[in-house]
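Order of the sequence lines fixes the chain letters, A, B, ..., with proteins taken first and strands second; residue numbering starts at 1 for each chain. Since the structure is predicted, the reported quantities are computational estimates derived from the model, not experimental observations.
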Amino acid sequence: MPTVGVKRDLLFKALGRTYTDEEFDELCFEFGLELDEITSEKEIISREQGDSKASGASDIILYKIDVPANRYDLLCLEGLVRGLQVFKNKLEAPRYRRVSPISGEPQKLIITKATAAVRPHAVAAVLRNITFTQERYDSFIELQEKLHQNICRKRSLVAIGTHDLDTISGPFTYTAKPPGDICFKPLNQTKEYTATQLMSLYKTDSHLRHYLHIIEDKPVYPVIYDSNGIVLSMPPIINGDHSKISLKTKNVFIECTATDVTKAKIVLDMMVTMFSEYCSQPFTLTITGISCQHFKKIAQLLTRMCLRSQATGVGDEIEVEIPPTRSDVIHACDIMEDAAIAYGFNNITRTTPRTYTVANQFPLNKLTELLRQDLAAAGFTEALNFALCSQEDIADKLGKKISETKAAHISNPKTAEFQVARTTLLPGLLKTIAANRKMPLPLKLFEISDVVLKDETKDVGASNSRRFCAVYYNKSPGFEVIHGLLDRTMQLLEVQPACGEGYHIQAADDSTFFPGRCAEIFVRGKSVGRLGVLHPDVINRFELTMPCSALEMDIEPFL
Amino acid sequence: MADAGVVETLLRRIEKVDDGVDSLEVANSLGVDHQVIVGAVKSLQSVGDVISAELRSSKHWELTEEGMEIAENGSHEARVFSSIPLEGLAQSELMKLSFGKIGFSKAMSSKWIRVDKTHEGGPRIFRTVESIEDQVREKLLLVQKGNTSQLEEKEKNELKKRKLLSEVTVKTYWITKGNSFSTTITKQETELTPEMIATGNWKEKKFKPYNFEAMGVAPDSGHLHPLMKVRTQFRQIFLEMGFTEMPTNNFIESSFWNFDSLFQPQQHPARDQHDTFFLSDPALAHEFPQDYLERVKKVHSEGGFGSQGYKYDWKIEEAQKNILRTHTTAVSARMLYKLAQQEKFTPVKYFSIDRVFRNETLDATHLAEFHQIEGVVADYGLTLGDLMGILHQFFTKLGITKLRFKPAYNPYTEPSMEVFSYHEGLKKWVEVGNSGVFRPEMLLPMGLPEDVSVIAWGLSLER
């Protein structure tokens with residue numbers, strides 16, 4: 001969830017009243033926000049860098065508010081205040097209008113074909129006669145940053161550029177040129193650079209270096225010029241110094257370049273609607289119509305959510321205006337949720353669904369539950385291990401080859417512990433023993449859980465297999481104990497000890513087990529698993545010191 | 001039992017006196033180590049109330065090793081003094097002696113010697129007095145003889161500072177007659193045996209009293225894993241409420257079922273490398289219900305079913321990518337699709353409790369693998385009130401009765417509610433789960449009837 005930091009006193013001033021922390025927390029809960037933290041700049045620096053660096057930092061109380069991920073209209077103070085004021089019926093939901101300039105033509109942004117190779121789309125707008133104060137200016141910059149981080153996916157989908165219109169003149173051209181051909185003085189620099197030079201320059205910039213990869217390897221870089229050849233910006237990296245905005249700026253030119261045009265429009269809408277309150281010009285709106293019951297009350301509720309509504313007079317239909325700030329509204333159900341929020345979730349009457357159903361257990365789980373109980377009764381303790389592990393765990397450490405295991409491999413593990421999904425429960429249990437060497441002997445552990453194996457017959461190419469695994473770790477290997485457990489398990493599964501119709505074990509060779517001390521388990525002629533004394537190499541590789549015997553079998557055949 | 005002889009002697013000693021005896025004194029008078037007496041005391045204590053022994057501790061001054069050396073050979077400063085002949089001794093020579101350094105400074109401060117720094121051949125030390133009294137040694141000898149009381153506190157502490165004396169705590173027993181005192185000890189039986197029962201001779205024997213304060217022998221039992229026990233409880237609750245268990249035994253899922261069919265857009269951050277485990281082998285899923293896939297594609301990119309959609313280019317390559325499922329809602333989607341293929345719709349209640357995977361860095365509150373609990377109800381005309389009602393019933397079975405709901409956001413539910421409950425211990429509202437009504441963009445492409453609503457909720461087992 002995105003977090004917005006606002007100065008508490010500014011917020012209360014804009015809301016027209018003060019709240020106690022509890023009251024504000026309550027308001028957030030009702031509306032769908034979360035007051036995550038109450039802090040100050042000083043506290044933040046103190047926490048991150050130590051008290052000495054914090055002295056001199058601001059003490060002003062900051063509210064850190066968590067905002068739903070799809071509400072781009074709540075990412076700045078202006079948006080939050082507007083949303084809350086309308087919700088509390090203190091303000092009428094604003095209507096945004098698009099207007100023409102008082103004199104002359106609207107500005108033009110010409111997009112050339114060259115951009116198609118790197119960043120095809122762009123949209124632009126102008127905010128006229130705006131008045132900035134330091135706070136508004138900071139908020140303006142901060143909103144761009146928040147939008148960049150969220151909907152713009154770190155500038156890769158959309159990048160915003162804002163410029164002082166009075167320092168440049170249209171029509172503007174958005175084109176793309178080879179990096180060597182672009183030359184300008186970027187923001188906060190003193191001399192001109194080519195784009196190629198800028199790429200190297202910003203490699204060490206802690207903020208900008210993360211965005212270089214978006215265009216770095218492309219044959220042409222995007223660039224916006226005004227009619228005099230002045231560079232406004234080189235999206236998504238940096239704006240030109242010439243057109244930079246200051247507190248004195250009165251007219252702002254906003255451009256959004258993008259690889260996704262829908263998102264570009266949403267972003268532009270956000271930028272203009274949020275700050276249009278400081279001009280004398282609100283902006284565009286779109287209308288959709290929906291129908292629902294309980295019309296009049298609903299219309300009132302929706303209006304409190306900035307969705308101006310009224311009954312159309314046709315049956316129980318309501319017409320709802322969706323302002324450009326609400327790009328999250330794409331279906332009637334979004335409107336319905338807002339109505340519910342305005343009504344207050346906790347005011348809705350609870351009812352019980354009259355759905356009558358008879359429950360069924362998933363047979364494999366039912367079997368697992370029964371077996372678990374009886375295995376604990378047999379004196380073994382249940383373990384719970386991770387399903388992901390390293391390649392060595394399921395292959396080398398067990399004396400097997402990874403290519404023979406039919407394991408599913410993970411492409412982006414953060415550490416070696418998540419390279420593959422386990423194909424056997426044995427390594428997990430052995431690791432559990434290694435972590436509990438100080439416990440009194442014998443250690444008797446079991447686990448009934450899923451392993452993952454590649455499976456061509458499944459649509460995803462892999463399937464789970466429910467296995468039962470037990471280990472006995474003591475001064476003597478205790479094969480007879482593990483064998484006894486097998487016998488008991490078969491008894492519980494109602495399988496007789498007999499060749500053919502029942503189960504039997506016979507000697508087998510397996511590199512995981514000590515030679516001559518390994519047997520394969522057959523049930524009705526099919527192999528279901530193995531048991532035996534573990535090979536000393538295996539014992540060593542898992543950092544164990546005592547002899548150990550183990551049993552692993554598939555329980556799905558017993559359903 | 002300790003040396004019977006000692007025990008008997010001790011008993012006889014106690015018999016003779018009216019009050020009691022001190023174990024240390026007894027040890028000294030018998031010429032045995034104190035520990036032997038202590039052993040005898042312990043033995044006697046185990047056979048019942050023969051004696052009663054009170055533990056006493058007394059402090060006692062003793063010479064340290066260094067102290068003993070000085071008592072033997074004299075203090076460092078005295079030896080320094082005696083090693084200086086009439087004509088004096090070069091300081092460098094003196095320092096070579098083992099007691100030289102310490103003794104030198106002490107002798108200087110006692111003004112027994114002086115240094116002539118200007119002497120040819122280096123600084124030279126001379127005696128200043130004719131003879132000295134080695135007081136330190138004398139004091140130590142006093143202590144050694146046991147006449148500590150003759151020294152003042154101040155003197156003792158000074159010697160303690162020089163590490164020549166140390167204060168030791170000696171624990172002794174003050175032994176008096178017990179309630180069943182006798183000079184003869186009868187051996188006590190510990191347990192009833194079959195022979196005793198057969199012959200009946202248990203009637204003549206004395207039995208050692210049980211120590212009821214001690215713990216018994218722990219039974220050799222196996223144990224179930226605590227988290228799995230909680231899982232069993234939740235399973236039980238769902239079954240009691242009429243919910244059928246979903247088959248969730250597939251950790252590997254395609255992005256299609258995990259994300260796309262749930263109307264989660266392909267550029268959504270949760271589908272990132274950072275949050276989701278992707279598979280390199282098997283990398284892609286290869287089978288999908290084609291018609292359904294087309295409808296899903298359309299609703300994402302163009303809209304439809306009453307929705308504007310997300311309006312982006314939906315790519316099948318993204319949907320084919322295999323992942324370790326990030327939620328069991330993927331299975332719910334499969335089940336709902338299957339339900340929609342039925343001839344006639346029947347209401348259902350499904351649940352699942354199984355593992356899900358998130359590509360997170362591990363820390364105290366985050367695991368890469370954890371268990372998700374999910375409940376789903378599909379029926380005609382279900383409302384938000386119904387969702388709240390069923391949540392109340394579910395949580396009441398866990399003993400949680402105070403609930404509040406907060407508007408939230410999930411890509412696949414609208415409305416969405418976070419469920420909060422009041423924690424008596426922490427005295428605040430904590431989040432216990434997430435819930436919502438599935439979006440029409442998810443349900444209608446599956447083919448479910450328009451007036452069917454599906455409500456769902458989920459929480460994690462580990463919490």
Side-chain angles (χ1 to χ4, degrees), chain A residues 29 31-32 68-70 153 157 260 262 330-334 336-337 340-341 345-346 348-353 355 357-362 364-365 369 372 375-384 386-388 408-412 414 418 421 444 450 452 454 459-464 466, chain B residues 220-225 227-228 232 239 242-245 247 249-254 267 273 277-282 285-287 306-309 311-312 322 347-349 355 359 361 368-369 377 379 382-386 388-390 392 404-409 414-415 417 439-441:
Chain A
F29 192 89
F31 189 62
N70 61 340
R153 301 304 308 281
L157 294 183
D260 180 328
T262 312
I330 56 177
H331 188 286
C333 65
D334 296 296
M336 196 273 260
E337 182 186 38
I341 295 176
F345 275 3
N346 294 294
I348 299 177
T349 332
R350 275 188 271 145
T351 50
T352 311
T355 318
T357 50
V358 171
N360 282 317
Q361 296 188 51
F362 182 47
L364 188 54
N365 287 356
E369 290 290 299
R372 281 176 64 225
L375 288 167
F380 277 68
T381 296
E382 189 179 25
L384 178 64
F386 287 131
L388 302 178
H409 292 253
I410 308 221
S411 64
N412 57 334
K414 278 210 172 102
F418 306 136
K444 303 191 286 200
D450 286 348
V452 178
K454 277 172 56 172
D459 61 343
V460 294
S463 64
N464 286 12
R466 188 68 54 94
Chain B
D220 189 18
S221 51
H223 306 273
L224 290 172
H225 193 283
L227 194 66
M228 295 289 102
T232 306
L239 292 169
F243 282 70
T244 290
E245 199 169 14
N249 51 339
N250 61 321
F251 291 161
I252 295 181
E253 191 55 276
S254 62
Q267 312 126 327
Q273 293 278 330
F277 284 112
F278 285 89
L279 276 281
S280 59
D281 181 24
H286 51 75
E287 210 185 286
S307 170
Q308 292 183 357
K311 298 204 180 340
Y312 70 97
N322 276 339
V348 291
K349 303 212 289 255
R355 242 179 255 237
N359 196 0
T361 327
E369 306 180 26
V377 183
D379 200 353
L382 288 173
T383 65
L384 206 55
D386 286 329
M388 289 162 65
I390 209 167
H392 264 276
R404 271 174 89 201
F405 300 92
K406 177 173 169 238
Y409 167 67
E414 187 85 6
M417 303 195 297
R439 291 189 72 108
E441 292 95 333

Engaged part of [X] at the chain A interface, taking heavy atoms whose separation is under 4.5 Å:
{"X": "B:F405", "answer": "both"}
{"X": "B:T232", "answer": "both"}
{"X": "B:R404", "answer": "both"}
{"X": "B:L227", "answer": "side chain"}

Using non-hydrogen atoms only, which part of [X] is less than 4.5 Å away from chain B: side chain, backbone, both, or neither?
{"X": "A:A383", "value": "backbone"}
{"X": "A:V452", "value": "side chain"}
{"X": "A:T355", "value": "both"}
{"X": "A:L364", "value": "side chain"}
{"X": "A:F345", "value": "both"}
{"X": "A:E369", "value": "side chain"}

[X] to [Y] - nearest heavy-atom pair and separation:
{"X": "B:T244", "Y": "A:A359", "value": "OG1-CA, 3.6 Å"}
{"X": "B:P282", "Y": "A:G461", "value": "CG-O, 3.5 Å"}
{"X": "B:S307", "Y": "A:H331", "value": "CB-CD2, 3.4 Å"}
{"X": "A:F29", "Y": "B:P407", "value": "O-CD, 3.2 Å"}
{"X": "B:E441", "Y": "A:C333", "value": "OE1-SG, 4.4 Å"}

* Mind checking the NZ-CD1 spacing from B:K406 to A:I341? Nearest 0.5 Å is all I need. => 10.5 Å
* Quick one: CG on A:N360 to NZ on B:K349, what's the gap to the nearest 0.5 Å? ->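 The CG atom of A:N360 sits 12.5 Å away from the NZ atom of B:K349.
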How about [X] and [Y]: do any of their side-chain heavy atoms sit closer than 4.5 Å?
{"X": "B:E414", "Y": "A:I330", "answer": "no"}
{"X": "A:P353", "Y": "B:I390", "answer": "yes"}
{"X": "B:L384", "Y": "A:E337", "answer": "no"}

Taking [X] for the side chain and [Y] for the main chain, is one N or O donor matched with an acceptor at less than 3.5 Å?
{"X": "A:E382", "Y": "B:L224", "answer": "no"}
{"X": "B:N250", "Y": "A:S463", "answer": "no"}
{"X": "B:N322", "Y": "A:V460", "answer": "yes"}
{"X": "B:E245", "Y": "A:N365", "answer": "no"}
{"X": "B:N359", "Y": "A:N412", "answer": "yes"}
{"X": "A:R153", "Y": "B:Q267", "answer": "yes"}
{"X": "B:N249", "Y": "A:N464", "answer": "no"}

* Does A:D260 pair with B:K311 as a salt bridge, N-O distance under 4.0 Å? ->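 Judged by the 4.0 Å cut-off on N to carboxylate O distance, A:D260 and B:K311 do not form a salt bridge.
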* Which one of A:V358, A:D334, A:D450 has the most heavy-atom pairs closer than 4.5 Å to chain B? ->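 Among the listed options, the one with the most contacts to chain B is A:D334.
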